[in-house]
Amino acid sequence: MADLINIKFPDGKSSKIEKGLNGHDIAKQISMSLSKAAIAFKVNGEILDLSRTIEDDSEIQILTKDNSDALDIIRHDCAHVMAEAVQILFPGTQVTIGPSIENGFYYDFARKEPFTTNDFKKIEKKMVEIINKNENFVREEWSKEKAIKFFTKKGENYKVELINDLPKNEVITIYKQGEWLDLCRGPHMPSTKHIGKSFKLMKVAGAYWRGDSSNIMLTRIYGTAWRNDQELKDYLHQLEEAEKRDHRKLGREMDLFHFQEEAPGAVFWHPKGWSLFQSLINYMRDRQDKENYVETNTPDMMDKSLWEKSGHWEKFGENMFTTEAKEEKIFAIKPMNCPGAVEIYKQGLKSYRDLPLRMSEFGKVHRYEPSGALHGLMRVRAFTQDDAHIFCTEDQITSESKKVCDLILSIYKDFGFNDVRIKYSDRPEKRVGDDEVWDKSEQALKDAMEATDLEYSLNPGEGAFYGPKLEFVLRDAIGRDWQCGTLQVDLNLPGRLGATFVDEDGQKKTPVMLHRALFGSLERFTGILIEHYAGHLPIWLSPVQVVIATITSDTDDYGYEVLNKMKSEKIRVEIDTRNEKIGYKIREHSNLKVPAILAIGKKEAEEQTVSVRRLGSQESKVYKLDEFIKSLKNETLNKN
RNA sequence: GCCGCAGUAACUCAGGGGUAGAGUAAUUCAUUGGUAAUGAAUAAGCCGGCAGUUCGAUUCUGCCCUGUGGCACCA
């Protein structure tokens with residue numbers, strides 16, 4: 001009689017089975033339909049091919065396409081099939097790596113001629129052929145020597161390199177589908193037909209071998225794959241919706257800003273965009289005032305020597321703009337505001353009684369970003385930070401950090417960002433400052449972070465050389481993550497630039513400096529807001545809050561009366577007296593995302609009312625003019 | 001910076017070795033109207049820049065610029 005082992009299922013039931021059965025067998029014992037639907041199984045938390053056998057007591061879960069883990073496997077299988085298709089169609093192409101990723105998969109190929117999207121149809125067709133052949137995914141274990149020999153002979157130099165880097169006695173696993181095979185850790189589904197046809201190749205891109213820019217560039221093909229056609233369709237639809245929110249498109253349509261060739265990576269803010277930008281600054285200024293910040297402003301250009309002293313030149317000199325006047329001095333355009341802040345701090349003797357000193361600056365900085373990195377407002381070469389530097393004692397780091405965290409979350413809430421997470425980075429290998437102070441700063445940030453009750457992740461060793469940091473990542477209305485705020489402890493710069501304070505004991509000491517930005521880059525934050533709101537800015541941010549649309553020219557006078565009254569109440573209002581029908585005006589201003597359109601005709605003029613149509617609503621409501629102004633002002637003050 | 005793709009009217013885009021096309025917007029005229037497009041007419045372009053091939057280049061080739069999708073980078 002064969003040995004029996006215990007297996008336990010997720011529902012808590014357990015049973016005894018013969019030792020050495022594989023996933024297929026186990027699924028079959030449960031039901032035929034399950035065995036047909038099974039694509040893999042989870043053994044003690046690890047996902048394995050159904051062909052793997054169970055030798056010991058285990059917790060087991062049979063996976064079907066309905067499980068959340070399934071997509072990963074489908075996509076990984078799809079990557080293999082794509083690689084086979086490519087190698088059939090384009091002999092001589094070498095394969096490298098091809099993982100599943102969020103929403104899909106990719107495979108990196110080495111080929112003299114890069115692929116183009118014109119090749120996609122052919123490749124997709126071949127993939128369908130392979131899937132229809134329903135080849136089994138067969139797992140084999142090879143010795144390292146065998147694998148190296150095989151792939152060397154095949155001319156797959158990248159695979160050989162990968163295998164060479166594996167530990168000496170590592171068992172190499174190979175997955176075969178028909179004639180084609182790949183070095184792969186698995187797991188895979190039983191056969192190619194399980195992949196189905198709900199996949200699509202999306203784009204080609206260059207990608208460095210092993211992600212290192214000093215290596216050769218490979219051609220990457222991205223694809224997406226789903227359980228069924230509906231999921232694929234939904235995903236493609238979601239992409240289209242995201243495209244409609246693109247801040248570059250909306251920025252043009254709403255007449256907010258533009259870019260042009262002469263100033264790559266620098267924004268031309270149009271009146272409406274600048275209004276939005278200023279609203280954000282005013283808002284932040286107001287919030288910071290309440291937290292006892294003082295606002296400063298520092299020079300845009302300072303002698304190179306200051307940047308050498310601060311250490312920026314050595315580290316980032318390559319990415320700084322410089323300029324020369326007729327004298328010999330070289331001026332650097334500031335890439336950061338902090339050295340300027342320290343220089344202000346240094347004016348006059350500071351006492352411990354002056355600390356913490358919270359100095360803010362809406363500083364415009366310039367950084368020579370690599371050309372390929374530029375992207376609308378999201379990545380520019382000239383941007384404005386809502387920066388602040390908090391000079392404090394070591395003992396104040398914790399309380400100040402907590403205050404920053406509270407402020408940041410409260411501010412994000414006002415924009416409807418309720419899903420925020422934190423990334424915490426602690427000391428890197430190369431660093432300045434005593435370990436004792438690092439201990440203190442790291443603990444301070446950690447305490448502050450934990451007090452927020454937010455989800456956080458740790459990035460060990462990823463801190464700046466001068467101190468640990470927190471980064472705040474917010475999730476927008478369609479689930480995309482944006483890193484915005486940052487809080488960094490700086491144990492370096494104040495000392496480097498000679499900032500001191502006189503402590504209680506009469507001794508001169510070096511203060512600690514906290515760098516913090518909440519929006520981060522105003523430009524980028526504006527872009528994020530445009531996409532987050534899909535252009536439908538809340539009324540307190542909207543550049544034009546109200547448009548008055550007259551129905552006939554007879555009512556222009558009353559229209560202007562309304563306009564002036566609203567203007568005197570500081571409402572951002574425009575009037576449209578053009579010779580157009582009211583439907584046309586409604587449509588146009590709706591497309592421009594104006595939050596409130598007031599239609600004004602004879603009736604309104606007679607009764608001193610306005611007929612208000614709010615953006616997104618099909619209906620209009622009639623208000624007494626004064627009442628409407630009052631409610632509007634009220635709404636503008638309430639940010640949510 | 002690297003790989004791919006793109007650049008034609010204000011915008012969105014079609015075209016293609018031989019005088020440049022559409023829709024929307026603009027301008028003018030008529031129309032004064034009640035909540036997502038009133039009608040007609042007119043005007044509008046160094047076809048991103050510089051070279052080359054050609055009798056002739058917006059079209060083909062090369063280089064550059066800018067944008068774009070990725071990769072790398074992001075104090």
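Just so it is clear: chains get the letters A, B, ... in the order the sequence lines come, proteins before strands, and each one is counted from 1.
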Rounding to an integer number of angstrom, what distance separates [N] and [M] when you compare their [atom1] atoms?
{"N": "B/U8", "M": "B/G67", "atom1": "P", "answer": "14 Å"}
{"N": "B/U38", "M": "B/C50", "atom1": "C1'", "answer": "49 Å"}
{"N": "B/A72", "M": "B/C60", "atom1": "C1'", "answer": "34 Å"}

Review point. Under 4.0 Å: is that the gap between some side-chain N or O of A/Ser213 and OP1 or OP2 of B/C2?
Key: no
From [options], nucleotide with atom closest to [X] side chain:
{"X": "A/Lys203", "options": "B/U12, B/G70, B/G34", "result": "B/G70"}
{"X": "A/Gln618", "options": "B/A75, B/A26, B/A36", "result": "B/A36"}
{"X": "A/Pro335", "options": "B/C3, B/C71, B/A75", "result": "B/A75"}
{"X": "A/Tyr584", "options": "B/A75, B/G34, B/A26", "result": "B/A26"}
{"X": "A/Met217", "options": "B/G34, B/G33, B/C3", "result": "B/C3"}
{"X": "A/Arg613", "options": "B/U32, B/A26, B/A36", "result": "B/A36"}
{"X": "A/Ser590", "options": "B/A75, B/A36, B/C73", "result": "B/A36"}
{"X": "A/Gln488", "options": "B/U68, B/C71, B/A75", "result": "B/A75"}
{"X": "A/Arg587", "options": "B/G4, B/A72, B/A36", "result": "B/A36"}
{"X": "A/Asn319", "options": "B/U12, B/U32, B/A75", "result": "B/A75"}

**Study point:** Side-chain (A/Lys346) to main-chain (A/Leu497) donor-acceptor, under 3.5 angstrom
**Key:**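 Between the backbone of A/Leu497 and the side chain of A/Lys346 there is a qualifying donor-acceptor contact (under 3.5 Å).
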Exercise for review: Identify the heavy atoms of A/Ile478 and A/Ala242 that sit nearest to each other, and give their distance.
Suggested key: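 For A/Ile478 and A/Ala242, the tightest heavy-atom pair comes out as CD1-CB, 3.9 Å.
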Under 4.0 Å, heavy atoms only, any strand: does [X] hit a base, just the sugar-phosphate, or nothing?
{"X": "A/Arg252", "answer": "sugar-phosphate"}
{"X": "A/Gly376", "answer": "sugar-phosphate"}
{"X": "A/Thr552", "answer": "base"}

Review point. Between the side chains of A/Thr224 and A/Trp226, is a donor N or O closer than 3.5 angstrom to an acceptor N or O?
Key: yes
**Study point:** Exceeds 12 heavy-atom contacts within 6.0 angstrom, atom CD of A/Glu262
**Key:**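 More than 12 heavy atoms, drawn from other residues, nucleotides or ligands, come within 6.0 Å of this atom.
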Review point. More than 12 heavy atoms of other residues, nucleotides or ligands under 6.0 Å from NZ of A/Lys309: is that the case?
Key: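 Open.
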**Study point:** RNA chain B: 5'-proximal contact among A/Ser620 and A/Phe316 (nearest heavy atom)
**Key:**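 Result: A/Ser620.
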Practice item. Please tell me which of A/Ala205 and A/Asp554 maps to the more 5' nucleotide of RNA chain B, matching each residue to the nucleotide holding its nearest heavy atom. Key: A/Asp554
